[in-house]
Amino acid sequence: RTLEAYRHDLRGFFQWATGNGVAVLAATRGHIELFRAWMEQRGLAASTIDRRLSTVCGFYRFAHIDGRIASNPAQYVRRPQVHPSDARGLDRSELGVFLFTAEQCGRNHAALAVLLGLNGLRVSEACATNVEDLGFERGHRTLKILGKGNKPATIPIVPRTARTIDLAIGERHDGPILCRRDRQRLDRRTAHRWVRSIGKRAGLGHVHPHMLRAAFIMAALDAGVPLRDVQIAARHADPRTTTIYDRRRQNFDRHAAYVVVAFVAGG
């Protein structure tokens with residue numbers, strides 16, 4: 001998915017460059033700034049513009065490292081300011097309602113819900129799990145997964161997740177943990193549809209799989225689990241990615257800003 005996103009972003013930039021008569025490897029900082037302005041004029045969200053510029057900047061950084069260009073024209077390109085959003089996941093009560101509703105929808109629905117919401121798996125990771133990947137380690141149930149970037153990992157699964165998975169697989173000893181009604185492996189598209197359907201049935205509005213992973217991370221941070229431990233559990237390469245989900249820090253930063261404004265306003 002990440003590679004597909006990079007290809008899509010670069011393809012868009014290359015098409016823009018071709019349409020404006022700009023040779024990609026001869027582009028200057030001014031050209032990239034014009035590309036940014038073009039995206040703003042189209043009304044794209046700041047987060048989308050920032051992601052696309054990040055991809056373009058990475059492309060030119062490696063082009064410079066590989067000696068394809070003399071200097072990096074994207075090094076000092078201005079990026080839009082992206083404000084953190086509070087609507088990144090479900091809170092504890094909403095997650096509880098979602099899990100309860102998933103159990104009413106079926107065993108496979110419930111297994112998908114706990115893997116995403118109680119163990120923080122990405123939807124692609126959950127869909128790829130197999131029965132033979134389940135195991136025991138030091139008295140705990142474990143699950144082997146293939147994470148982002150094809151990185152293998154063995155994660156402990158909480159008791160509720162283990163029980164729900166056992167109900168979903170029944171007497172099977174191999175094959176996918178999550179199956180569709182036709183007994184085939186659950187795919188991403190169907191998983192998104194299931195999560196969206198459960199969310200609507202639970203009265204939570206539009207819910208997508210990453211909101212459940214976000215709920216897992218936020219619940220851990222809200223409970224006071226150390227950032228490093230949450231980073232490891234979420235399998236984030238950079239701790240800054242984990243802090244995006246820290247509502248306590250966001251609220252503190254917002255409160256600190258209010259204090260500064262009040263101080264300045266008061267003279």
Side-chain angles (χ1 to χ4, degrees), residues 1-89 120-125 127-128 146-153 187-189 191-192 206 208-211 213-214 217 227 231 234-246 249-250 253-254 256-257 260:
R1 292 279 295 180
T2 303
L3 291 175
E4 290 174 3
Y6 286 158
R7 292 190 186 101
H8 178 269
D9 292 343
L10 282 179
R11 192 178 298 116
F13 174 67
F14 292 166
Q15 290 174 349
W16 176 89
T18 301
N20 287 273
V22 178
V24 172
L25 293 181
T28 65
R29 174 185 171 185
H31 291 131
I32 303 174
E33 295 278 8
L34 286 173
F35 175 61
R36 175 188 183 228
W38 174 77
M39 289 189 289
E40 291 175 342
Q41 291 171 0
R42 292 185 61 199
L44 297 182
S47 58
T48 301
I49 296 174
D50 182 67
R51 191 200 72 237
R52 293 187 179 180
L53 285 177
S54 176
T55 303
V56 171
C57 290
F59 170 78
Y60 281 112
R61 182 172 65 253
F62 279 98
H64 182 221
I65 292 173
D66 291 344
R68 298 298 185 93
I69 53 179
S71 61
N72 180 1
Q75 185 173 1
Y76 299 108
V77 168
R78 292 171 295 174
R79 305 262 288 273
Q81 185 175 7
V82 180
H83 299 283
S85 171
D86 292 331
R88 290 184 175 272
L121 267 63
R122 299 177 177 90
V123 65
S124 57
E125 297 168 346
C127 291
L146 191 62
K148 188 176 181 180
N150 292 325
K151 296 178 181 178
D187 57 275
R188 289 176 53 93
R189 186 185 299 271
H192 274 265
H206 179 69
H208 54 81
H210 191 74
M211 290 176 67
R213 174 172 164 81
I217 298 171
L227 175 64
Q231 178 195 349
R235 287 163 287 108
H236 285 150
D238 192 328
R240 289 175 295 183
T241 305
T242 312
T243 59
I244 293 174
Y245 301 91
D246 194 345
R249 178 173 178 178
Q250 292 175 16
D253 292 343
R254 191 178 298 113
V260 171

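Counting begins at 1 with the first residue of the sequence. None of the values given here were measured: they were computed from a predicted structure.
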> Closest heavy-atom contact between L25 and I69?
Replying inline: O-CG2, 3.3 Å
> Distance from Q231 atom CD to I217 atom CD1, nearest 0.5 Å?
Replying inline: 10.5 Å
> In Å, rounded to the nearest 0.5 Å, how long is the span from CD of E125 to CZ of R235?
Replying inline: 4.0 Å
>> Using 0.5 Å steps for rounding, measure from the CZ atom of R213 to the CG atom of L121.
In response: 8.0 Å
>> Ignoring hydrogens, what is the shortest heavy-atom contact between P209 and H192? Give both atom names and the distance.
In response: CD-ND1, 3.3 Å
>> Testing the basics here: between Y76 and E33, what is the closest heavy-atom pair and its distance to 0.1 Å?
In response: O-OE2, 4.3 Å
> Going through the distances and angles, do R42 and M39 end up as a side-chain contact (heavy atoms from CB on, under 4.5 Å)?
Replying inline: CA-CA 5 Å; R42 292 185 61 199; M39 289 189 289; 5.7 Å; no
>> As an exercise, state the distance from CZ of R36 to CG of D50, rounded to the nearest 0.5 Å.
In response: 9.5 Å
>> Tell me if a side-chain donor or acceptor on N20 pairs with a main-chain N or O of V22 at a distance below 3.5 Å.
In response: no
>> Counting only heavy atoms not in F62 (residues, nucleotides, ligands), do more than 12 fall under 6.0 Å from its CZ?
In response: no
> Counting only N and O atoms by type, is there a donor-acceptor contact under 3.5 Å from the side chain of H31 to the main-chain atoms of T28?
Replying inline: yes
>> Within this structure, what is the CG-CH2 distance for the pair L44 and W38, rounded to the nearest 0.5 Å?
In response: 7.5 Å
> So, for Y60 and V24, which heavy atoms are closest and what is the spacing to 0.1 Å?
Replying inline: OH-O, 2.6 Å
List the atom pairs, donor and acceptor, that lie under 3.5 Å between side-chain atoms in residues 51-58 and the rest of the protein, sequence neighbours left out.
unit_1: R51; atom_1: NE; unit_2: D9; atom_2: OD2; d: 3.1
unit_1: R51; atom_1: NH2; unit_2: D9; atom_2: OD1; d: 2.9
unit_1: T55; atom_1: OG1; unit_2: D9; atom_2: OD2; d: 3.2
unit_1: T55; atom_1: OG1; unit_2: R51; atom_2: O; d: 3.1

> If every non-hydrogen atom of S71 is compared with every non-hydrogen atom of P73, which pair is closest and at what distance?
Replying inline: O-CD, 3.2 Å
> Within a radius of less than 6.0 Å around CZ of R68, do more than 12 heavy atoms belonging to other residues, nucleotides or ligands occur?
Replying inline: no
> Looking at R188 and S124, what are the two nearest heavy atoms and their distance?
Replying inline: NH1-CB, 3.5 Å
>> Would you call the rings of F13 and F35 parallel, tilted or perpendicular, taking 30° and 60° as the class edges?
In response: perpendicular
